[in-house]
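In what follows, a single structure is set out as structure tokens and then discussed.
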There are 2 protein chains.
Amino acid sequence: MQAILDDGLTLQVHRRLRHDLLQGRIAPGTKLKVQALGAAYGAGASPVREALSSLASEGLVQRIDGRGFRAAPATVEDFDELVRARCWLEEVVLRESIAAGGPAWEDALVVARWRLARIPRSGSTGGFAPNPDWEAAHTAFHRALLAGCPSSTLRDMAETLRERAERYRALANRIAYPGRDVAAEHEAIAEAALARDAPRAVALLQAHYRTTAGFLRDALAG
Amino acid sequence: MQAILDDGLTLQVHRRLRHDLLQGRIAPGTKLKVQALGAAYGAGASPVREALSSLASEGLVQRIDGRGFRAAPATVEDFDELVRARCWLEEVVLRESIAAGGPAWEDALVVARWRLARIPRSGSTGGFAPNPDWEAAHTAFHRALLAGCPSSTLRDMAETLRERAERYRALANRIAYPGRDVAAEHEAIAEAALARDAPRAVALLQAHYRTTAGFLRDALAG
DNA sequence: AAGCAGATTTTTATCGATAAAATTAAAACA
DNA sequence: TGTTTTAATTTTATCGATAAAAATCTGCTT
């Protein structure tokens with residue numbers, strides 16, 4: 001029986017905190033007290049503090065010199081900025097992905113599309129409830145789309161922006177269940193990418209982001 | 001007399017370590033022992049460790065779970081990757097900067113260009129010696145070029161890549177003193193940007209990076 | 001009631017101490 | 001003489017303790 005390779009406490013705390021933050025389980029602006037977190041995650045001050053330092057560098061947490069840490073605030077302006085940056089950045093990345101992606105890229109994208117199409121958007125049949133499986137497949141799909149880009153640096157940057165965006169999605173999740181046909185949008189994007197039609201794929205992807213952004217913005221502001 | 005607003009030890013160590021790393025004063029791959037650093041910077045384990053955690057998130061330092069930290073390695077492949085990513089990213093940023101930059105942007109760019117032109121590239125008259133003033137003006141120039149881009153996110157990303165690149169420059173510095181006319185290249189880039197000729201400005205900027213990269217690559221490999 | 005000075009309680013930032021793990025050096029062996 | 005084992009030494013990761021700084025509460029004053 002293989003041991004569950006338990007890496008340092010610092011990494012554990014980092015991972016869990018990151019998760020809770022991205023999941024929206026910790027509200028933006030919340031004060032993050034070292035002791036409390038330590039108690040919650042079963043660790044002392046040092047690991048927690050280190051984890052918080054890292055997260056601060058990643059932009060998920062704010063460090064306010066003499067007075068500790070807090071969850072990064074989430075504002076409509078920040079969100080808009082984020083979407084804009086994402087559209088520009090992914091324009092480049094998707095273009096490169098389409099230009100450089102080989103057969104393996106195509107295969108993976110086809111699989112990701114298939115999976116995403118198969119999974120229900122909502123977890124419950126009545127109202128809308130976030131479905132973790134769909135979320136995972138959705139992330140995988142977008143990642144597969146960009147996976148062909150040869151620059152890991154750019155891919156990582158896109159990934160960072162995605163995470164920040166996912167956080168906003170999670171924060172607005174209880175409200176937004178767009179009546180539009182998200183599945184069709186994904187389908188169209190994949191279609192264009194596989195056809196190596198970069199301009200069309202980029203335009204569709206950006207439209208996809210902008211539409212989603214509209215819904216989220218309403219949910220956040222309202 | 002105003003006090004030298006001394007922020008936390010952690011921040012201080014972070015700043016100084018970062019500086020030493022970017023300056024090439026600490027060789028790539030060097031083991032970074034907590035105690036030693038603490039002694040050097042006059043701090044205990046906690047602040048040093050926190051600083052290292054942050055730097056790891058920024059990519060300047062590597063954390064190797066059970067066995068501490070080390071200065072991020074510098075390889076030719078990594079460098080090439082970096083240059084490529086930079087060309088793509090700054091293509092977008094410069095384009096946006098030119099499109100959105102107002103009079104203030106123009107003014108600042110003109111000043112930055114003027115300053116850079118005025119300062120000698122080398123610190124000594126005989127051979128080549130890095131001139132801190134020129135380095136600063138050079139950074140300021142490139143920053144001014146991109147300052148018009150309305151997306152702070154993208155600007156920050158470009159800044160991050162610049163830092164990584166500066167590190168490579170510092171590492172190769174004792175060797176590379178290109179015989180080409182760097183000043184003229186900068187002049188031409190500024191010229192095109194101020195003329196709002198985005199395609200030309202982008203092409204020149206990329207050529208500038210690629211040429212520099214060539215020299216550095218030789219210096220690193222040889 | 002609103003404002004404020006002081007006293008009280010939290011919280012932060014940092015240190016020093018320590019078990020566990022990793023590295024290095026020394027000794028034993030083939 | 002080149003390994004392998006064992007012992008000694010470093011180094012890491014983490015905890016608990018603590019001074020200094022910040023936030024909160026309290027009751028007094030106008």
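Model, not experiment: these values are computed from the prediction. So that the names make sense, note that chain A is the first sequence line, chain B the second, and so on, each numbered from 1.
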Practice problem: Return the value, rounded to whole Å, for the distance between atom CG of A:Leu9 and atom P of C:dA21. | Solution: 13 Å
Quiz item: Distance only, no hydrogens: is a donor on one side chain within 3.5 Å (strictly under) of an acceptor on the other, for B:Arg63 and B:Ser53?
Solution: yes
Quiz item: Will you find, in the side chains of B:Ser151 and B:Glu96, an N or O donor that is under 3.5 Å from an N or O acceptor?
Solution: no
Exercise. Kindly indicate whether a cation-pi arrangement holds for A:Arg118 with A:Trp114, taking the cut-offs as under 6.0 Å to the six-membered ring centre and within 45° of the axis.
Key: yes
Quiz item: Does NZ or CZ of B:Arg86 come closer than 6.0 Å to the centre of the six-membered ring of B:Tyr209, within 45° of the ring's axis?
Solution: yes
Practice problem: Can you label the angle between the A:His142 ring and the A:His208 ring as parallel, tilted or perpendicular, going by 30° and 60°? | Solution: parallel
Quiz prompt | Along DNA chain D, first and last positions that approach a heavy atom of chain B under 4.0 Å | solution = D:dT11 to D:dT14
Quiz item: With sequence neighbours left out, what residues match B:Arg67 under side chain to side chain donor-acceptor pair (under 3.5 Å)?
Solution: none
Quiz item: Would you say B:Glu50's side chain and A:Glu50's backbone share a donor-acceptor pair under 3.5 angstrom?
Solution: no
Quiz item: More than 12 foreign heavy atoms under 6.0 Å from CZ of B:Arg162: is that the case here?
Solution: yes
Self-check item: For DNA chain D, the residues among residues 42-53 of chain A that have a non-hydrogen atom under 4.0 Å from it
Solution: A:Ala43, A:Gly44, A:Ser46, A:Pro47
Quiz item: If you find the nucleotide of DNA chain D closest to B:Lys31 and the one closest to A:Arg67, which residue's nucleotide is nearer the 5' end?
Solution: B:Lys31
